[in-house]
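Worksheet: the structure to be examined is printed underneath.
Note that the coordinates shown come from a computational prediction; the quantities given were computed from them, not determined experimentally.
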Amino acid sequence: MSIDQGIRARLRDAAGGFLIVLVAAGLASGILLGRLQGTVASAVQEQSRDLATSVGRALGRQFVRANQLGVPLDAIPAISRSLKGTLEHVPQLTRIMLTDVDGKVLGFAQRPGAATSASVSTELKVGSRRIGTLEVEAAPPVLNGSHATLLTGMLWLILPLAVLGGLCTALYGARIQQHRRALLALLEHAPDDLVPPVPGPRPDPQDILGQAWDGLQAMATDVAQQRADLTHQVESLLAVDFDGRARPRLAALGVLSPGPSPSVEIVPPDRSRRLSLRLRLTLIIALGFALVIGSLSGLQALREHLLRQQAANLGLQDQSALWTQFLVSQTRDISGRLHALTPRLDVSDGPSKALPGPEPSLDYLALVDPNRQVYVLQGTATETAPLDAGTLDNVLAGGKARGLRNLDGNLTMLLAAQPVQLQGGTWVLIGGRTLERAAEQIDPLRDDESYSIHFLNSRGRLVASTGHGQWSRLGLSLTVQDVQYRTLEDRDKVLLLTATPVTSISGSAGGLLVTLKDVTTLMKPSLTLGQLALLLAAGLAILGLVLIHRIIWRSFRPLQDSLETLDELSGPQDAAAARSGAGRQDEIERLGRSIAAFRHKTLQLARDQSQQARVRRLHETVMAGELRALAESMDSISRQEVQALIDRQNHSADDGDGLRRLAEVMGDLRRRLVEQYQRLSDMVIELRDALITKTKLAGLQQELQIASAVQLSILPRTMPDDPRMEIDCRIFPARDVGGDFYDFYMLDEHHLGFVIADVSGKGIPAALFMAISRTLLKSTARFVRRPADCVQRVNALLAAENEQMLFVTLFYATLDLRDGRLDYVNAGHHVPWLIDAQGELSALAPTHGIAVGIEEDMPYTQKTLYLRPGDLLYLYTDGITEAFNPAGQVFGEERLAGLLRAQPANVPLDVLTDAVIADVRAFEDGTDPTDDVTSLCLRYRG
């Protein structure tokens, strides 16, 4: 073989191995990319909907609060400008529209040239009364990078594996070429001892000529045996003669002429159903592909199951919150109706005639006397008592009861009970509304099948539904004790079912709340993408198998030629037998049959043993060198272990054990390469998870920046232009959003209201509570001038629905700019400092009030102070006095008081604020702030 032919053969072997590994790794990467694309698309769409829902709820609460304070939606000034401001502060929003109950547009803002958006509509309700609709659209966030970038990164991981596979294949081909060169070197010269036997008849063995004849025959037999042994060696090496150059030289030397011994009879086994080796290898590789694809699909299915489980937990939490809000709003409305009916009750003509007329908004009214006798005033009497004994005792003792109650049959009601004083005793007034009627307020038209709500009582019967037709079509059978979250198919829609058990007014099982949500637009693309990915994987697998089968078939052609040569060496009869049984045997069995035919001639010549040992050692040295070179591409630990195995093989005393040890080294190297490939696969999975996490973190960071900008924008920045006073305010949040706030506003042309406050906690919850507290205080102050009454009203509103147990400390005061009268209330806040015109420092008298939002019926007292011209008030939060330095020391009240005493009497307000902030930052000396820093300076000029 020429040099060019050798190079082409090695390149052909390397290309085949490279192509096999590249197709397998590309198939796995395609499946991963398809799954990753579906996951990222769903996450981005859900993030857009969550943002639109959050903004809609936040804006909707402001409009609902305004309506509760007596301001209709159409009377709110500059709604469109306010919506445009929100649109500018939240770049991801594309459109906001506010409409009233009649569909009239009250406010509209839209971003020009916006991309495809996710729209969410929020119903604005005050109790059970709908006042309008707020529609918010949000565009999906722009993700950094692209699928092309990810594909490029995965190719950089795949290419080294493919190159390594090609290198291993080329090394194996090089070893075969070494065998071929050894064969050519052996046949360079004809052996001297290959002579034919002595011809002629055999003489009498008794004479000297007969003895010489026997000696010559014995010599000829030994020579023939040596020739047969040499022939066996040549035929063993002939299997790797791919170009056929060795056959003519063997024929010229007469080595191929002897046939096998007649005593050797080869009977090939009957294996008519045996598959060929080439086809078996193809099937084994196909099975490996199937196992890889199945493993990846199983891992993906497990990951999707975990994601669905997380989504189920979130959905059940949302449903529980929906039921709680629905139950509270309905029972409060019923309690309000009962409170209005109480003055009209008169039992002088008998308890059954205590109510002069019916109450249209209620379906059930009953009175229970002190002896627990029930008198139905409105509705139908039931065998089941409206309240259980324990709940009734609690109400008779002065408490209240609200909740769900299952009565006779399929009658389920929302009940509210409260004690009333009649004829000098304590009675119980019970009001109820059927669950079916209450559900009409959620969907009055009862034809919205995109989102329907159904309620099953404790016996599993449907008692209320916003979509009876849909429920009848589905024919569901659910158990009321189990939490359920699954998908259903209804016609051409995909529905998401969420079921949550609820309790009755007595604490026992009350029923099952079921919601059906149309998620067709979310699930259909994912299912379609999964089918496309499956088809693509199947196509790539078939293509890879076709290519591999083609490569294996071409690679086995030299082996097929070698088997035909061995059949020819077996002689004419053996060759015919081989051809007759070739269709029933694979390549290995044919090779075994040919080897068995030459087993009786396999004694090696002594002069060839040393040559074979040298050749073997040479092969072992070459293979060990190639293995060392291949080990250099591995990590340091694996490289040292492989080199240690090779060194141990070199020091072995058993020459016949070298190839076995090299085989062990190659097996160990193969195992390590497989482990390295597995680590690379794990890195790909971690890269996918890191991309999803990065997407979520980017969205969260963007929302925090938006929240910080929105929070700072609602605080006043322009100081009042009034010569009778000066005011300066600063705020420095410890995080992106904070819980401190300040505010000032003119109540009329002579009265100024100002406040400084600190919400408990940090981050987004504190910021939301801060916005609610500031809005309530400012809106209440315009109607309630007295500070104590104003703070008491705000405290009642905040504490009524404060499920998170947040509270706010504040100092609120009103200043009469004509005479300097200062009326103030301190609700658990730091006592402000007063610096009079002569520079004397003193603290304001405390009012001993607790923080706002803790308890509803908490009275607050106020005190009055007259400011003289030139007097200065300094208000601050605990972010100043509770600042820490690296040594753990606190800034403290005394340090702040000393700093204020050191200032001149007529110091400018901004200079004073800057001095305090600078001293705090210098004291912290690089330590992260522990709390928000807020200050308010007010100087009365008179």
Side-chain angles (χ1 to χ4, degrees), residues 724-729 740-745 747 750-758 773 777 780-781 784-795 807-855 858-882 891-903 905 907 909 912-913 916 934-942:
R724 295 174 291 180
M725 66 163 182
E726 296 177 18
I727 191 168
D728 181 78
C729 303
D740 288 3
F741 71 91
Y742 64 84
D743 203 358
F744 53 85
Y745 34 81
L747 301 175
H750 299 299
H751 289 83
L752 171 72
F754 60 94
V755 63
I756 186 169
D758 184 7
S773 304
L777 181 62
T780 305
V784 182
R785 292 296 182 84
R786 191 169 181 269
D789 297 337
C790 179
V791 174
Q792 188 172 358
R793 181 74 60 84
V794 172
N795 176 68
F807 60 89
V808 55
T809 65
L810 59 86
F811 179 90
Y812 172 65
T814 60
L815 176 62
D816 191 339
L817 298 177
R818 295 171 297 183
D819 57 1
R821 175 172 176 170
L822 181 72
D823 298 325
Y824 64 90
V825 173
N826 191 336
H829 200 74
H830 290 277
V831 178
W833 293 100
L834 173 64
I835 305 175
D836 59 16
Q838 290 74 32
E840 294 295 328
L841 180 68
S842 61
L844 268 64
T847 60
H848 304 292
I850 69 171
V852 174
I854 298 178
E855 187 174 353
M858 176 57 61
Y860 289 89
T861 59
Q862 72 179 39
K863 291 191 177 182
T864 302
L865 174 68
Y866 284 89
L867 299 180
R868 291 174 297 177
D871 287 354
L872 184 147
L873 282 176
Y874 182 81
L875 288 71
Y876 60 96
T877 61
D878 55 4
I880 294 177
T881 57
E882 295 180 6
F891 189 88
E893 299 278 354
E894 296 181 0
R895 186 182 181 94
L896 176 61
L899 180 61
L900 296 177
R901 288 192 186 96
Q903 302 300 320
V907 62
L909 299 185
L912 174 61
T913 303
V916 174
T934 306
S935 65
L936 186 149
C937 296
L938 173 67
R939 175 174 283 144
Y940 176 66
R941 291 296 187 184

Holding to ring-ring contact (aromatic ring centres under 6.0 Å, His included), I want the full list of residues that pass it with [X], two or more places apart in sequence or in another chain.
| X | value |
| --- | --- |
| His751 | none |
| Tyr824 | Phe811 |
| Phe744 | none |

Is the backbone of [Y] close enough, under 3.5 Å, to the side chain of [X] for a donor and an acceptor to pair up by distance?
| X | Y | result |
| --- | --- | --- |
| Lys863 | Ala845 | no |
| Tyr940 | Gly820 | yes |
| Asn826 | His829 | yes |
| Gln862 | Val825 | no |
| Arg785 | Leu747 | yes |

- Taking atom types as modelled, is there a side-chain donor on Thr934 or Asp740 under 3.5 Å from an acceptor on the other?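 Yes, because at least one side-chain N or O of Thr934 sits under 3.5 Å from a partner of the opposite role on Asp740.
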- Item | Donor on one side chain, acceptor on other, Asp728 and Thr913, under 3.5 Å |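 Short answer, yes.
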- Query: So does Arg821 pair up with Asp819, basic N to acidic O under 4.0 Å?
  - Reply: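 No, Arg821 and Asp819 are not salt-bridged.
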Are [X] and [Y] close enough that some pair of their side-chain heavy atoms sits under 4.5 Å apart?
| X | Y | value |
| --- | --- | --- |
| Trp833 | Leu873 | no |
| Met725 | Leu817 | yes |
| Pro832 | Tyr874 | no |
| Leu865 | Leu834 | yes |
| Thr877 | His830 | no |

- Non-hydrogen atoms of Leu896 and Phe891 that approach each other most closely: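 It is N-CE2, 3.8 Å.
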- Please report the closest heavy-atom contact between Ser773 and Val808, naming both atoms and the distance.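 Closest approach of Ser773 to Val808, heavy atoms only: OG-CG1, 4.0 Å.
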- Among all residues two or more places apart in sequence or in another chain, which pass the side chain to side chain donor-acceptor pair (under 3.5 Å) test with Glu882?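 Applying side chain to side chain donor-acceptor pair (under 3.5 Å) to Glu882 gives none.
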- Message: Which residues pass the side chain to side chain donor-acceptor pair (under 3.5 Å) test with Thr864, not counting sequence neighbours?
- Response: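 Expected list: Asp823.
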- Item | salt bridge (Lys or Arg N to Asp or Glu O under 4.0 Å) against Arg941, all qualifying residues, sequence neighbours excluded |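 Here the qualifying residues are Glu726.
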- Query: Would one find more than 12 heavy atoms of other residues, nucleotides or ligands at under 6.0 Å from atom CZ of Arg724?
  - Reply: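 It does: Arg724 CZ has more than 12 such atoms within range.
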